[in-house]
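None of the values given here were measured: they were computed from a predicted structure. One-based numbering along the sequence shown.
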Amino acid sequence: MPRTHGHHVENLAENPQPACGTWQGYMRMSLRQIAACDCLYMPARLARIP
């Protein structure tokens, strides 16, 4: 929904594989993305996952 309203979306699940190919590489990439965001949006259906 945010994309349809003109917002830039950082979806960590859409990241390319890091050069090292490790979990740590994914985490480094993801933390940089989150740190650069002004706000986080989580759809209600995802917020309720136990």
Side-chain angles (χ1 to χ4, degrees):
M1 181 163 133
R3 283 186 178 140
T4 60
H5 291 286
H7 297 283
H8 175 78
V9 175
E10 291 287 342
N11 184 342
L12 306 179
E14 296 174 350
N15 285 344
Q17 183 174 1
C20 64
T22 66
W23 176 83
Q24 188 175 23
Y26 277 107
M27 290 306 294
R28 284 185 181 138
M29 188 183 330
S30 299
L31 289 173
R32 282 188 205 113
Q33 284 178 273
I34 290 173
C37 293
D38 292 327
C39 67
L40 298 176
Y41 170 79
M42 181 175 288
R45 71 182 196 287
L46 294 178
R48 286 182 254 144
I49 295 175

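- Residues satisfying the side-chain contact (heavy atoms from CB on, under 4.5 Å) criterion with Leu12, sequence neighbours excluded, are Asn15, Ser30, Gln33, Ile34.
- Summarising the geometry, atom NE2 belonging to His8 is positioned 11.0 Å from atom CG belonging to Asp38; distances are rounded to the nearest 0.5 Å.
- Within the structure, salt bridge (charged side-chain N to carboxylate O under 4.0 Å, His left out) contacts touching residues 23-34 (residues at least two apart or in different chains) do not occur.
- Minimum heavy-atom separation, Pro16 to Met29: O-CE, 3.4 Å.
- Taking each heavy atom of Gly25 and Pro18 in turn, the nearest pair found is C-CG, 3.7 Å.
- Listed by chain and number, the residues in a side-chain contact (heavy atoms from CB on, under 4.5 Å) with Cys39 amount to none (sequence neighbours excluded).
- Apart from Tyr26 itself, the hydrophobic cluster it occupies contains nothing, where clustering links Ile, Leu, Val, Met, Phe, Trp and Tyr at side-chain heavy-atom distances under 4.5 Å.
- Among residue pairs with one or both ends in residues 13-27, those qualifying as salt bridge (charged side-chain N to carboxylate O under 4.0 Å, His left out) are Arg3-Glu14; sequence neighbours excluded.
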